[in-house]
Trainee: 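Sending over a structure as structure tokens; questions will come in a sec.
As a basis for the values below, the full set of heavy atoms in this structure was taken, side chains included, without hydrogen atoms, waters or symmetry mates. As the structure is a computational prediction, the values presented were derived from the model and not from experiment. In what follows, chains carry the letters A, B, and so on, assigned in the order in which the sequence lines appear, proteins first and then strands, with residues in each chain numbered from 1.
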Amino acid sequence: MPPRIRSSKFASLPRPTPSQSSSARPQSITQNTQPSRQFSQTSCQQATLRRRKFYEWLNGPGKQLKEPLPDSTNYLGAYDRYGNLVRAGPGYQRGAAKPQAEGESKLTETTNKAAAPTEEAKTPEGQESLDELESAARKEEVEKKDAEQDDSKLPPETAEDLRPFPLNQYFRSQSVLSEDLREAIYQRVKRDGATVSLASVEFGVSNERVGAVVRLKQMEKEWIAQGKTLAVPYSKAVLNMLPTTPHIDTTDPKNKGKRPIVHEPINDLIVHPATRQQLWVPVAESRHFTREDAGKAFDNSLLPADERIPHPELVKAERELASGLSFEERRKLAEERFAVETAQKKREEEAREAEIRAQKVVPQRRWDFVFKDISVESAGRNGRDVRGVGWRYGLPHQDRKKGQVKIPTKVEA
Amino acid sequence: MRKKPRFHSLKKLKVRQDMSRWTLYSLSQLKQPNVSTRTFFQQKWTAKADTRAYHGEQIREKKWARLFKRSIPAVVPMDHKYLARHDGSEQAAGRGAGADSQDKQRTPPMTPYMQMAYYPIERRLDTAIFRALFASSVRQARQFCVHGLVTVNGKKMPYPGYMLNPGDMFQVEPSSVMFATGAQKERSSTARRVAKEKAAARAEAREAAGGQTPRQPKPRSAVPSAGEEPTPAELRKHLQAMMDDVNGVLAEDVGAKDKQKFRAFRQTVKRAISLWRNASPESISTLDTQFDFLKTQLAGRAAPSTPATAPDAIQEPLFSEEDQAKLRQAFEKLRLETEHTSAWNSRNAAAPYATPWRPRAYMSAFAFIPRYLEVNQNICAAVYLRHPVARPGLAEVPTPFHIETGQLAFNWYLRRR
């Protein structure tokens, strides 16, 4: 573990307080007097040295990590090598701060504004800075902190404090959605009927995550309807140990003028394998060489970034705004786009339905027999095409061969 | 035969995928690789050995070598405002014409591709269960799979090596999760007595059944399948039964010890809903939808009231206002009751973990959930959203090693060494 430098503001170090360990297991090693050889009286030095060091570390610097910090994360990266919490103020005493009431926010949460990216200088690459997004949630806490001037409470975590693996600078514990935010997303999609992409933009949560949250929340509500036992104690404990993104209810008059906190970047562009190589394309200086042309240079079918990101409609809306269209016109255009999209979705749905209807189903006691139209020709010329159906003469099965995996590759939802 | 080396050895410190104090100690003792006095091969070998002790040590080396991919997925976060304002030609504007003498442009942070060398392992079901904090180690997660405690998309998945696809939902038995992540139970006289009593009862039951395990009574399916639309007389009967149950539930305290009244109410609600043939259980699975469904169906029945088939049908609406309010209250109470029983964390000698439940020691140091998973802790279910990706300044595969170790390990698995 690389030593972390303590800032000079601490006069006295917060000493690790002995917490009431409820475990009955003795954490200190008893003197091991087992001889190393049967005929020797010397005790085994090597093993005991290592074990002594292990227990020394566990009872010294490692002691802080045994129990979770109330209302905060508690990672190895937050401590220096002597087991002192680096971000703690001089007056901080572990276990002194009372666990806050339920309504109050956790340390990593903020109830303040300035969460959404404001008019900052854009990076020339057109990328969002992940660090800024993540620190936005924690930044406001600092201001609140200064106003309170309370030494006994912990300041919010820095990026370094969120490292469970101190040696790996490129990994940190990222925040998860809080319970309120999950509920809000579920209500927005299920009750208000918002589309997934709309909810994604509103809450600053990626498309897939919105879908997953709705699916999981639906299941949770089904469990409640069935009267199944939920793992609530586990859930509470785990969410207290993790950094969470709070929900800011913008309809609440208390939160007037605030914007919801962005949980994660929603417009992630996947790095296309064709763009992994370097290209030298000589281009005339007079030519207007755009992103589209650059994409074509890499691969003929490669679309520009504006269309490959998950929310291309945001780019279109922004362009319309820049072109000076009035609000009414923009709304009309957006509605048109939405109508086209829904029509497309409806057509796909109908096609799927028609396909299912075309099948002949004979219900049986346990299984239903489904008859589909198939073609012998689909087996292909060598008879090994994947679309081929049934066993064909002269073609042995491959499934007993070495290296053929029997584990299913997918499970239908 | 050579003795099998210890899993957690103090002689050779290895970081393992679990939440133990041994792992925590090894984490604290980890150092950067020694690159000055060793040959390249030696460096790569050590890096491979160290990282493989953490990533998928339960997988054979040959199997992992086949899984390894040299192309690593990555994303770049884009800003839609920038994309709308510029078409990309501004990056080339003025090159060579003297217009490119602005102040130095900010370089984006490095994308740590090679910290992602083990990303295919994160796709495995056992690893994903561990990452979602449903098990205290990968080996335990593997055991959960093998013991049939894990479902993927609602179907039992006994293979720990199942490769999750984006969008797969996996779920672990909540009691097992509480056992895995809870503090260990201490042996106590009560626990021993309870176990003895249980064993005695089992033995007695076996004796009574003549050496056979007693058959569990089959749950009676309480779904009387009626026609398309229930007759008004039927409806009234059901409504009366439901209202009786409502009164019973409202009289009951939420945390009541005997929950029979709640259970009975749940049953009548189910039965009332099953009267309508077209109502599929999927569409009315939550309490809110059940309530809305009943309200609309029962209230809507009275107004048109089908004069042709039943001229003597009741003309007053089936649901009065106060009845509706009462029903709403009863539903609310049902929800509260479920949540209360779930949250109630009492002493329970039969539970395999220390009660009242608390997280196990040293869990907080290992508690993180990577972004490629979306977890709902209440039902112990998670969705594998996408494959882990590298992004500028961040690799999503949780690995405890220094970037140089990661690079060396990645280079080991590129075939030319």
Trainee: Heavy atoms, side chains only, cut-off 4.5 Å: are A:Thr409 and B:Met163 in contact?
Mentor: no
Trainee: Please report the interatomic distance NZ(B:Lys31) to CG(A:Leu167), rounded to the nearest 0.5 Å.
Mentor: 10.0 Å
Trainee: Does the side chain of A:Pro233 reach to within under 4.5 Å of the side chain of B:Met178, using non-hydrogen atoms?
Mentor: yes
Trainee: Identify which part of B:Thr181 has an atom lying under 4.5 Å from any heavy atom of chain A, answering side chain, backbone, both or neither.
Mentor: side chain
Trainee: Checking heavy atoms, do the side chain of A:Val411, its backbone, both or neither come under 4.5 Å from chain B?
Mentor: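 A:Val411 touches chain B through backbone and side-chain heavy atoms alike.
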Trainee: Of all the heavy-atom pairs spanning A:Trp57 and B:Gln29, show the shortest one and how long it is.
Mentor: CD1-NE2, 4.1 Å
Trainee: Walk me through it: do B:Val76 and A:Val271 pass the test side chain to side chain contact (heavy atoms under 4.5 Å, CB included)?
Mentor: CA-CA 7 Å; B:Val76 183; A:Val271 175; 3.9 Å; yes
Trainee: Side chains of A:Lys406 and B:Tyr159: closer than 4.5 Å at any heavy-atom pair?
Mentor: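 SC-SC contact between A:Lys406 and B:Tyr159 ruled out.
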Trainee: Could you measure the distance from the CG atom of B:Asp288 to the NZ atom of A:Lys190? Nearest 0.5 Å is fine.
Mentor: 12.0 Å
Trainee: Check whether any side-chain heavy atom of B:Leu394 sits under 4.5 Å from a side-chain heavy atom of A:Gln174, and report yes or no.
Mentor: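 Yes, close enough: below the 4.5 Å cut-off.
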Trainee: At a heavy-atom distance under 4.5 Å, which candidate from A:Glu220, A:Arg163, A:His311 has the highest pair count against chain B?
Mentor: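 Maximum pair count with chain B is reached by A:Glu220.
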Trainee: May I ask you to test the A:Asn267-B:Asp79 pair for a side-chain heavy-atom distance under 4.5 Å?
Mentor: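 No, every pair of side-chain atoms sits at 4.5 Å or beyond.
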Trainee: For the residue pair A:Ile224 and B:Thr338, what are the closest heavy atoms and their distance?
Mentor: O-OG1, 3.4 Å
Trainee: Name the option with the most non-hydrogen atom pairs under 4.5 Å to chain A; the candidates are B:Leu287, B:Val177, B:Leu385, B:Thr405.
Mentor: B:Leu385
Trainee: Does any heavy atom of chain A fall under 4.5 Å from the side chain of B:Leu164, the backbone, both, or neither of them?
Mentor: neither
Trainee: What distance separates B:Ile379 CD1 from A:Ser235 OG, expressed to the nearest 0.5 Å?
Mentor: 10.5 Å
Trainee: Measure the spacing between NZ of A:Lys316 and NE2 of B:His80 and express it to the nearest 0.5 Å.
Mentor: 13.5 Å
Trainee: Counting C-beta onward and ignoring hydrogens, is there a side-chain heavy-atom pair between B:Tyr362 and A:Glu67 closer than 4.5 Å?
Mentor: no
Trainee: Considering only heavy atoms and a distance below 4.5 Å, find which of B:Ala84, B:Gly167, B:Gly88 pairs most often with chain A.
Mentor: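 Of the candidates given, the most pairs with chain A belong to B:Ala84.
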Trainee: Which one, B:Gly154, B:Pro109, B:Ala361, leads in non-hydrogen pairs under 4.5 Å with chain A?
Mentor: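 Most heavy-atom pairs under 4.5 Å with chain A: B:Ala361.
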Trainee: Locate the shortest heavy-atom distance separating A:Trp223 from B:Gln171; write the atom from each residue and the value.
Mentor: CZ2-NE2, 3.2 Å
Trainee: Which answer fits B:Leu125, side chain, backbone, both or neither, if we ask what part of it has an atom under 4.5 Å from a heavy atom of chain A?
Mentor: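 Answer is neither: B:Leu125 stays 4.5 Å or more from chain A.
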Trainee: When heavy-atom pairs shorter than 4.5 Å are enumerated against chain B, which of A:Arg276, A:Glu179, A:Gln226, A:Lys53 gives the highest number?
Mentor: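 Ranked by heavy-atom pairs under 4.5 Å with chain B, first place is A:Arg276.
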Trainee: For A:Ser173 and B:Phe368, which heavy atoms make the closest approach, and how far apart are they?
Mentor: OG-CB, 3.5 Å
Trainee: Could you check whether the rings of B:Phe134 and A:Tyr234 sit parallel, tilted or perpendicular, using 30° and 60° as the cut-offs?
Mentor: tilted
Trainee: Under a 4.5 Å cutoff for heavy-atom pairs, which residue among A:Pro312, A:Pro304, A:Pro68, A:Gly62 has the most contacts with chain B?
Mentor: A:Pro68
Trainee: Within a strict 4.5 Å, meaning less than it, do heavy atoms of the B:Gln115 and A:Asn168 side chains meet?
Mentor: yes
Trainee: Do any N or O atoms from the side chain of B:Arg266 and from the backbone of A:Ala225 form a donor-acceptor pair under 3.5 angstrom?
Mentor: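 The answer is yes, because a donor-acceptor pair under 3.5 Å joins these two groups.
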Trainee: Among A:Arg287, A:Lys228, A:Glu208, A:His272, who wins on heavy-atom pairs under 4.5 Å with chain B?
Mentor: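 Among A:Arg287, A:Lys228, A:Glu208, A:His272, the one with the most close pairs to chain B is A:Glu208.
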Trainee: Pick one of side chain, backbone, both or neither for B:Arg391, based on which atoms fall under 4.5 Å of a heavy atom in chain A.
Mentor: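 Interface part for B:Arg391: side chain.
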Trainee: Among A:Asp268, A:Ile309, A:Ile266, A:Asp306, find the residue that satisfies the side-chain contact (heavy atoms from CB on, under 4.5 Å) test when tested with B:Met78.
Mentor: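 Among A:Asp268, A:Ile309, A:Ile266, A:Asp306, the one meeting side-chain contact (heavy atoms from CB on, under 4.5 Å) with B:Met78 is A:Ile309.
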Trainee: Show the nearest heavy-atom pair for residues A:Gln218 and B:Thr286, with the distance to one decimal.
Mentor: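 Nearest pair, atom of A:Gln218 first, then B:Thr286: NE2-CG2, 3.6 Å.
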Trainee: Relative to chain B, which of A:Gln169, A:Glu292, A:Glu320, A:Lys410 shows the most heavy atom pairs under 4.5 Å?
Mentor: A:Lys410
Trainee: Drop me the distance from A:Glu222's CD to B:Thr289's OG1, to the nearest 0.5 angstrom.
Mentor: 8.5 Å
Trainee: Under 6.0 Å between ring centres, would you say that holds for A:Tyr170 and B:Tyr113?
Mentor: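 No, too far apart.
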Trainee: Heavy-atom distance under 4.5 Å to chain A: side chain of B:Val397, backbone, both or neither?
Mentor: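 For B:Val397, backbone heavy atoms alone lie under 4.5 Å from chain A.
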Trainee: Quick one, A:Leu216 and B:Val383 - any side-chain contact, counting heavy atoms below 4.5 Å?
Mentor: yes
Trainee: Taking B:Arg335 for its side chain and A:Lys221 for its backbone only, find out whether a donor-acceptor pair lies under 3.5 Å.
Mentor: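 Not a single qualifying donor-acceptor pair exists.
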Trainee: Counting only non-hydrogen atoms closer than 4.5 Å, does B:Met157 touch chain A with its backbone (N, CA, C, O), its side chain (CB onward), both, or neither?
Mentor: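 Just the side chain, heavy atoms under 4.5 Å.
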Trainee: Which heavy atom of A:Pro408 sits nearest a heavy atom of B:Tyr162, and at what distance?
Mentor: O-CD1, 3.0 Å
Trainee: Just do the side-chain hydrogen bond (donor to acceptor under 3.5 Å, both in side chains) check on A:Glu412 and B:Asn153 with the steps written out, would you?
Mentor: CA-CA 7 Å; A:Glu412 293 299 330; B:Asn153 289 336; over 6 Å; no
Trainee: From the options A:Lys217, A:Arg215, A:Arg209, select the one residue that forms a salt bridge (charged side-chain N to carboxylate O under 4.0 Å, His left out) with B:Glu374.
Mentor: A:Arg209
Trainee: What part of B:Pro73 gets within 4.5 angstrom of chain A, counting heavy atoms only: side chain, backbone, both, or neither?
Mentor: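 Only the backbone of B:Pro73 comes within 4.5 Å of chain A.
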Trainee: Between A:Ala317, A:Pro61, A:Gly227, who has the most heavy-atom pairs with chain B when the cutoff is under 4.5 Å?
Mentor: A:Gly227
Trainee: Verify whether one side chain among A:Asn74 and B:Ser364 offers a donor that lies under 3.5 Å from an acceptor in the other.
Mentor: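 Per modelled atom types, A:Asn74 and B:Ser364 side chains form a pair under 3.5 Å.
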Trainee: Can you tell me how far the OG1 atom of A:Thr290 sits from the CD atom of B:Glu90, to the nearest 0.5 Å?
Mentor: 10.5 Å
Trainee: Given that the side chain runs from C-beta out, which part of A:Phe289 has a heavy atom under 4.5 Å from chain B: side chain, backbone, both or neither?
Mentor: backbone
Trainee: Which answer fits B:Asn165, side chain, backbone, both or neither, if we ask what part of it has an atom under 4.5 Å from a heavy atom of chain A?
Mentor: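 The side chain, not the backbone.
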Trainee: Tell me, for B:Val389 versus chain A, whether the close heavy atoms (under 4.5 Å) come from the side chain, the backbone, both or neither.
Mentor: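 It is neither, since no heavy atom gets under 4.5 Å.
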Trainee: Quick check on B:Lys63 against chain A: is it the side chain, the backbone, both or neither that has a heavy atom closer than 4.5 Å?
Mentor: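 Interface part for B:Lys63: neither.
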Trainee: More than 12 non-hydrogen atoms from neighbouring residues, nucleotides or ligands closer than 6.0 Å to NZ on B:Lys12, yes or no?
Mentor: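 No, not enclosed.
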Trainee: Between A:Ser175 and B:Arg371, does any side-chain donor sit less than 3.5 Å from a side-chain acceptor?
Mentor: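 Note: A:Ser175 and B:Arg371 side chains meet the donor-acceptor criterion.
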Trainee: Given a strict heavy-atom distance threshold of 4.5 Å, which part of B:Ala382 is in contact with chain A: side chain, backbone, both, or neither?
Mentor: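 Interface part for B:Ala382: backbone (N, CA, C, O).
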Trainee: Looking at A:Ile270, I want to see if its CD1 is surrounded by more than 12 non-hydrogen atoms of other residues, nucleotides or ligands under 6.0 Å.
Mentor: no
Trainee: Would you check if the distance from the ring center of B:Phe366 to the ring center of A:Tyr75 is below 6.0 Å?
Mentor: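 No - the distance between ring centres of B:Phe366 and A:Tyr75 does not fall below the 6.0 Å cut-off.
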Trainee: Looking only at heavy atoms and a cut-off of under 4.5 Å, which of B:Gln290, B:Lys11, B:Arg360 has the most pairs with chain A?
Mentor: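 Among the listed options, the one with the most contacts to chain A is B:Lys11.
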